[in-house]
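Naming: A, B, ... by sequence-line order, numbering from 1 per chain. Values reported hereafter were calculated over all heavy atoms of this structure, with side chains retained and with hydrogens, waters and symmetry mates removed.
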There are 2 protein chains.
Amino acid sequence: MEKPPTSFHQIGNKSLRERILTTLREAILNGELRPGHTLVETELASQLGVSRAPLREAIQILNTEGLLDTVPYHGTTVKALTKRDIEELYSLRIVLETFAIRRIIAQLPEVDTAPLRTLFEQMLIAADQDDITRVNVLDREFHDTLIAMSGHKLLVSTWSSVAMRVRQVMSLRNLRNSDIKQIAHNHIPLIEAIERGDEPTATMLIAQHVASAGDLLAEDWQDDPSTATEEDQP
Amino acid sequence: MEKPPTSFHQIGNKSLRERILTTLREAILNGELRPGHTLVETELASQLGVSRAPLREAIQILNTEGLLDTVPYHGTTVKALTKRDIEELYSLRIVLETFAIRRIIAQLPEVDTAPLRTLFEQMLIAADQDDITRVNVLDREFHDTLIAMSGHKLLVSTWSSVAMRVRQVMSLRNLRNSDIKQIAHNHIPLIEAIERGDEPTATMLIAQHVASAGDLLAEDWQDDPSTATEEDQP
DNA sequence: TCGCAGTCGATTGTCGACAATCGACTGGCG
DNA sequence: CGCCAGTCGATTGTCGACAATCGACTGCGA
């Protein structure tokens, strides 16, 4: 329980709040902390070996990010994820990614599409090796890169909050290997359309690509009834 | 220093954190706290008559919302607003509002467009009376309503963070009355296009409408050099 | 037995004090 | 005179304790 005054083995030596934040966020995004799970501050604080002050600050941030849901004097829970949430998530994803692609194409000879190709190639290799985890990581990087290439900082930050929840959904769902490989292969026509500056095709492909992934994830999703986001008032 | 147990001018008597949050956010959005302004926790806390704990929680939230910028052990400042930020803000606005309109039209006979007309009429009256403040408020409500009518909760929450910064920009800029009246009148063809389900026209009009407002605001904007968001590394 | 008011325990909200960190100042040394 | 190490002050970061609030339990009375 006592921590050495200078423990040298922690590399990213940021503030406690930041480390708590990263820890909790990662746990939520990994599905380790499932939607509906209740967090008790006292418990969690002693569990993490910190006081409640920085923990609470981290919780406020996660509330704002939409990952936690605190009701005053009652408790904090991991935010529920309904089927509707997933549908909204993926429909907004399409909008944001389409925007990114339009911007990339608009500044085309300037931006370098090589990173996309590299990621795609690695993705194929991982798919061949049935390394599903790695495919998912690379897919995330692919879409993150796409957004970043737009050169639109506000879009990047908006994306990151959407992408977080996408990641959370994916952690709670196990797609079939065949589906994931299929999705992986879908990337190449998209890359080519972007490189050739073919906006109609590129935007059509991204919409199709994202929507089909979203349908796969939303399919058969059952909202946890005990953690519904809305209640009818009588 | 002592606050009356029930000071009647604060309506929503929620937690201290919430009240501090609202107070600070409003001050930033009003332009009362200008970009670059430094907040000192101890000062601000005693000024508000609260301790630093809830104040810090509010600050973390405002950081996450992108209104404040805290650098560790150094200080918290109101986030700078560069010309580029404004351009990004308005380009994303177009994307989000276009999406909202597409969704509204898609479910058309179901949604009621009367609120838009009502707001528009009030806007015209206020414009006639040269009540610029009220025109701005109504304009905000108009666009908020448009987003809300999409029935897309995630879009609403994404919008709210964009809309906050838009509000901040507007508070720092004084548009000419003639420009504002012009903008007010632009709303009616948009409403009609939406009601008639004419998606191409409606999306074209919203893009035009928002872009021209954005150009007006970004025009002649000078980034405060002392609060630049990025530094070149040598 | 049923309804209800009071109490109790658990949990969140707030506070004041202390620790850690960083920049600026300062004083000595080459 | 210039430079560097040490110190100091101001500010943020963290802690433990106390206060406020809410739900559930309990026991009294009709």
Between C/dT12, D/dT14, D/dT12, which one does the side chain of B/Val40 approach most closely?
D/dT12
Need one value for A/Leu44: base, sugar-phosphate or nothing, where a base atom within 4.0 Å counts as base even if backbone is also close, heavy atoms only.
nothing
Partner residues of A/Asp69 under the side-chain hydrogen bond (donor to acceptor under 3.5 Å, both in side chains) criterion, sequence neighbours left out:
none
Would you call A/Glu26-A/Arg167 a salt bridge at under 4.0 Å N-O?
yes
Ion pair B/Glu41/B/Arg56, N-O distance below 4.0 Å:
yes
Determine, for B/Lys83 against B/Glu87, whether the closest basic-nitrogen to carboxylate-oxygen distance falls under 4.0 angstrom.
no
Are any non-hydrogen side-chain atoms of B/Phe99 and A/Ile94 less than 4.5 angstrom apart?
no
Length of the line joining B/Glu41:CD and C/dT14:P, which is rounded to integer Å
16 Å
In residues 53-63 of chain A, which ones come under 4.0 Å of DNA chain D, going by heavy atoms?
A/Ala53, A/Pro54
Integer-rounded Å distance: D/dG13 P and A/Ile20 CD1
13 Å
Would you call the rings of A/Phe120 and A/His187 parallel, tilted or perpendicular, taking 30° and 60° as the class edges?
tilted
Nucleotide N/O of nucleotides 17-22 of chain C paired with protein N/O under 3.5 Å:
none

Is A/Asp179 reaching over with its side chain to a backbone N or O of A/Leu216, donor-acceptor style, under 3.5 angstrom?
no
B/Val50 has a side chain; which of C/dC15, D/dT14, C/dT14 sits nearest to it?
C/dC15
Provide, to the nearest angstrom, the distance between the CG atom belonging to A/Leu16 and the C1' atom belonging to D/dG13.
8 Å
Using every non-hydrogen atom in the two residues, find where A/Asp144 and A/Trp159 come nearest and quote the distance to one decimal.
OD1-NE1, 2.8 Å
